[in-house]
Amino acid sequence: MGSDRNKPQTMAQKILAFHCGKDYVREGEIVNANVDLVLGNDITMPLAIGEFKKIGVNKVFDVNKIAIVPDHFTPNKDIKSAQQAKLIRIFAHEYNIKNYFEIGCMGIEHALIPEAGLALPGNLIIGADSHTCTYGALGALSTGMGSTDIGMAMATGKTWFMVPKTIKFKFNGNINPWVSGKDFILYLIGEIGVDGALYKSMEFEGSAIDALSMDSRFTMANMAIEAGAKFGIFDVDSKTKEFLKSIGKKENDYNIFQSDKDALYEKIIEFDAEDIDLMVAAPHLPSNVKKASDLKDIIIDQVVIGSCTNGRLEDLKTANDIIAGKQVNKNIRVIIIPATQKIYLDALKEGYVENFIKAGCVVSTPTCGPCLGGHMGILAEGEKALSTTNRNFVGRMGHPKSEVYLAGPAVAAATALTGRISIPQK
């Protein structure tokens, strides 16, 4: 191993090596690593609890390193979801889980965890939810896993990985008006496909990435899984540090890992930001990407602005800038879901919520709700939704013969006003 010590490594290799107690791990190597956080929600955690109890241990590995967030079917929509929520509530109390978030303080997990300071640069995080890759925006290595792996990790604090290859994506140039991280990641997925980064680590860099806000970076990392990736990760820069400072974290609270300049990548793919317009993923794949302006004849029944992808304050501000003082189209339903209680409060203070309600929108408590066809906006047969969520598979938001178009908040808000897919410039 001594000869490996000075070999160049990517961020993914370095973070995995650190959590294995090694200087170096090679691509394709199977490793056992210590994790910094184990996450689950009201759908996935009951299964993980069942697996955990099969092991026969009487305590979790660390009461501070497990987070349970009931966000998918909460507030509970029916008896079954109430039973699920009760199960995880009892487990959290019985095992003294410190980071259990009850209704009233909970939010959509992948917005709440960074806000609560539970995801930090250099962390290794696993969650029983595929969009756990969101925390890569903070320079963490995070990914979704099955409930069996989560149950084992709750007991042991460890899990296994195959060290992935890395693809670097460079975005340079000027960002077009109204374009955000959602448009960047949809454009990317449209270029490489839903399996274009299968079990890879995706690194994002370039002058256009530097110009993106943290909210946009969270959106991009969140949808790395839609390209099949294991991880999506950004360098820690001044914007990252400013975000961490805003939630009370100091630089000695975390570890920053950067890829070596001569690290080996499977490939490097470059994009010119000026080529990226407001984008929409048409049914039924996130890779079926088209320019929003080319879909102006598509009539929409429902608009959803929210989710772990685009329910942050910047997203609500963008929507407010377009909707405020106007009325949504009388033939359309517009559902707006702030991703956390703090974001909800901040949106109230800024006047966004009042503007949305006056415009004819519904504003919901934080919930995943319609994203997975759970509640708060299920589609009927033949209906079309334009949504800021992250998946548009067949039946994702309701009836198998409904359709979901994915977009960022600017297109969603413009569409809310016209009743058909629109861009703010029009």
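These numbers were taken from a predicted model, which means no experiment stands behind them.
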Asks: With sequence neighbours left out, which residue pairs that include part of residues 291-314 fulfil the salt bridge (charged side-chain N to carboxylate O under 4.0 Å, His left out) condition?
Replies: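 Salt bridge (charged side-chain N to carboxylate O under 4.0 Å, His left out) check on residues 291-314 returns D277-K291.
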
Asks: Kindly indicate whether the side chain of T240, heavy atoms from C-beta on, has any atom under 4.5 Å from the side chain of M214.
Replies: yes

Asks: Mind checking the CD1-CG spacing from I300 to N329? Nearest 0.5 Å is all I need.
Replies: 11.0 Å

Asks: Would you call L16 and E29 a side-chain contact if the rule is heavy atoms closer than 4.5 Å?
Replies: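 When only atoms from C-beta onward are counted, E29 and L16 do not touch, as no gap falls below 4.5 Å.
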
Asks: Check whether Q302 reaches the backbone of G377 with its side chain - one donor and one acceptor, N or O, closer than 3.5 Å.
Replies: yes

Asks: State whether a side-chain donor-acceptor pair under 3.5 Å links S130 with R391.
Replies: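 Side-chain D/A pair, S130 to R391: present.
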
Asks: Does any part of the side chain of I298, heavy atoms only, come nearer than 4.5 Å to the side chain of R420, both counted from C-beta?
Replies: no

Asks: Would you please name every residue forming a side-chain contact (heavy atoms from CB on, under 4.5 Å) with I97, sequence neighbours left out?
Replies: V60, I66, I68, F91, A92, Y95

Asks: Within the side chain of N41, is there an N or O that forms a donor-acceptor pair under 3.5 Å with the backbone of I43?
Replies: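 Yes.
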
Asks: How long is the gap from CD on E205 to CD1 on I268, to the nearest 0.5 Å?
Replies: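 Nearest 0.5 Å value for the CD-CD1 distance: 7.5 Å.
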
Asks: Show, in sequence, the C-alpha distance, side-chain angles and deciding distance for D215 and K317, and conclude whether the salt bridge (charged side-chain N to carboxylate O under 4.0 Å, His left out) test is met.
Replies: CA-CA 12 Å; D215 283 0; K317 180 184 185 304; over 6 Å; no

Asks: Is there a side-chain contact between S216 and F184, using heavy atoms and a 4.5 Å cut-off?
Replies: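 S216 does not reach F184 side chain to side chain.
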
Asks: For residues L244 and A119, report the shortest heavy-atom separation together with the two atoms involved.
Replies: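 Closest pair (atom of L244, atom of A119, distance): CD2-O, 4.5 Å.
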
Asks: If we ignore hydrogens and angles and just use 3.5 Å, is the side chain of Q13 paired with the main-chain N or O of V25 as donor and acceptor?
Replies: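 Yes, Q13 side chain to V25 backbone: donor-acceptor pair under 3.5 Å.
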
Asks: Return yes if some donor-acceptor pair links the side-chain N/O of N174 with the main-chain N/O of A273 below 3.5 Å, else return no.
Replies: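 Such a contact is absent between N174 side chain and A273 backbone.
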
Asks: Salt-bridged, K245 to E242, with N to O below 4.0 Å?
Replies: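 Looking at E242 together with K245, the answer is no, because their closest N to O distance does not fall below 4.0 Å.
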
Asks: Have a look at M145 and tell me which of L39, I126, T44 forms a side-chain contact (heavy atoms from CB on, under 4.5 Å) with it.
Replies: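 Among the candidates, only I126 passes.
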
Asks: side-chain contact (heavy atoms from CB on, under 4.5 Å) for V236 and K241? Distances and angles first, verdict last.
Replies: CA-CA 7 Å; V236 175; K241 293 176 181 176; 4.1 Å; yes

Asks: For the residue pair S207 and D210, confirm or rule out a side-chain donor-acceptor distance under 3.5 Å.
Replies: no

Asks: Could you pull out the closest heavy-atom pair between K65 and V35, with the gap in Å?
Replies: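 Heavy atoms only, the tightest pair is CD-O, 4.3 Å.
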
Asks: Is the F231 ring parallel, tilted or perpendicular to the F161 ring (thresholds 30°, 60°)?
Replies: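 Plane angle between 30° and 60°, so tilted.
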
Asks: Quick one: which of N310, T219, T309 gives a side chain to side chain donor-acceptor pair (under 3.5 Å) with D315?
Replies: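 That would be N310; it is the only one of N310, T219, T309 passing the side chain to side chain donor-acceptor pair (under 3.5 Å) with D315.
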
Asks: Donor-acceptor check, side chain of T415 to backbone of S422, threshold 3.5 angstrom: yes or no?
Replies: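 Yes, because the side chain of T415 sits within donor-acceptor range (under 3.5 Å) of the backbone of S422.
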
Asks: Heavy atoms only: give me the nearest I167-G196 pair and the separation to one decimal.
Replies: CD1-O, 3.8 Å

Asks: Closer than 3.5 angstrom, by distance alone: can the side chain of N123 be matched with the main-chain N or O of L120 as a donor-acceptor pair?
Replies: yes

Asks: How far does OG1 of T74 sit from CD1 of I88, to the nearest 0.5 angstrom?
Replies: 7.5 Å

Asks: If we only count heavy atoms from C-beta on, is the I15 to I233 side-chain gap below 4.5 Å?
Replies: yes

Asks: Give a yes or no on whether the backbone of V280 and the side-chain of K290 come within a donor-acceptor separation of less than 3.5 Å.
Replies: no

Asks: Side chains of T318 and D321 only: does a donor on one sit below 3.5 Å from an acceptor on the other?
Replies: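 Not at all, the side chains of T318 and D321 share no donor-acceptor pair under 3.5 Å.
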
Asks: Short question: side chain of K14, backbone of A12 - any donor-acceptor pair under 3.5 Å?
Replies: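 Side chain of K14 to backbone of A12: no pair is present.
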
Asks: If you take all heavy atoms of S180 and P409, which pair is closest and at what distance?
Replies: OG-CD, 4.4 Å

Asks: Please determine, by modelled atom types, if H375 and S81 share a side-chain donor-acceptor pair under 3.5 angstrom.
Replies: no

Asks: Apply the test side-chain contact (heavy atoms from CB on, under 4.5 Å) to residues L47 and E51: give CA-CA distance (whole Å), side-chain angles for both, the deciding distance (0.1 Å), then the verdict.
Replies: CA-CA 6 Å; L47 296 170; E51 295 303 313; 5.9 Å; no

Asks: Nearest 0.5 angstrom please: L188 CG to F271 CZ, how far?
Replies: 4.0 Å

Asks: Can you tell me if M152 has over 12 outside heavy atoms packed within less than 6.0 Å of its CE?
Replies: no

Asks: Apply side-chain contact (heavy atoms from CB on, under 4.5 Å) to W160 and D149, showing your working.
Replies: CA-CA 9 Å; W160 69 276; D149 289 314; 3.8 Å; yes

Asks: Verify whether one side chain among H110 and N222 offers a donor that lies under 3.5 Å from an acceptor in the other.
Replies: no

Asks: Can you establish whether the number of heavy atoms outside K165 located under 6.0 Å from its atom NZ is more than 12?
Replies: no

Asks: Between D42 and F73 (side chain of the first, backbone of the second, donor and acceptor by atom type, cut-off under 3.5 Å), is there such a pair?
Replies: yes

Asks: Can you find a heavy atom in the side chain of S307 that is under 4.5 Å from one in the side chain of I337?
Replies: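 Of all side-chain heavy-atom pairs linking I337 with S307, none is under 4.5 Å.
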
Asks: Could you grab the distance from atom CE of M202 to atom CZ of F169, nearest 0.5 Å is fine?
Replies: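 Atom-to-atom, M202:CE and F169:CZ are 4.0 Å apart.
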
Asks: Please determine whether side-chain contact (heavy atoms from CB on, under 4.5 Å) holds for the pair N172 and E270, giving the CA-CA distance in whole Å, both sets of side-chain angles, and the decisive distance to 0.1 Å.
Replies: CA-CA 8 Å; N172 290 307; E270 300 196 36; 4.2 Å; yes

Asks: Assert yes or no for the condition that the ring centre distance of F171 to Y187 is strictly below 6.0 Å.
Replies: no

Asks: Side chains of E203 and S259: donor-acceptor distance under 3.5 Å anywhere?
Replies: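 Side chains of E203 and S259: pair found under 3.5 Å.
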
Asks: Is there a side-chain contact between L278 and D183 (heavy atoms, below 4.5 Å)?
Replies: yes

Asks: Given 3.5 Å as the limit, does a donor-acceptor pair link the side chain of D260 with the main chain of D262, or not?
Replies: no

Asks: Could you grab the distance from atom CG of D129 to atom OG of S142, nearest 0.5 Å is fine?
Replies: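 Reported to 0.5 Å precision, the distance equals 11.0 Å.
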
Asks: Mind listing the closest non-hydrogen atom pair of A227 and I192 along with its distance?
Replies: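 What the structure gives for the nearest pair is CB-CD1, 3.9 Å.
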
Asks: Any heavy-atom pair between the side chains of Q341 and P366 that's under 4.5 Å?
Replies: yes

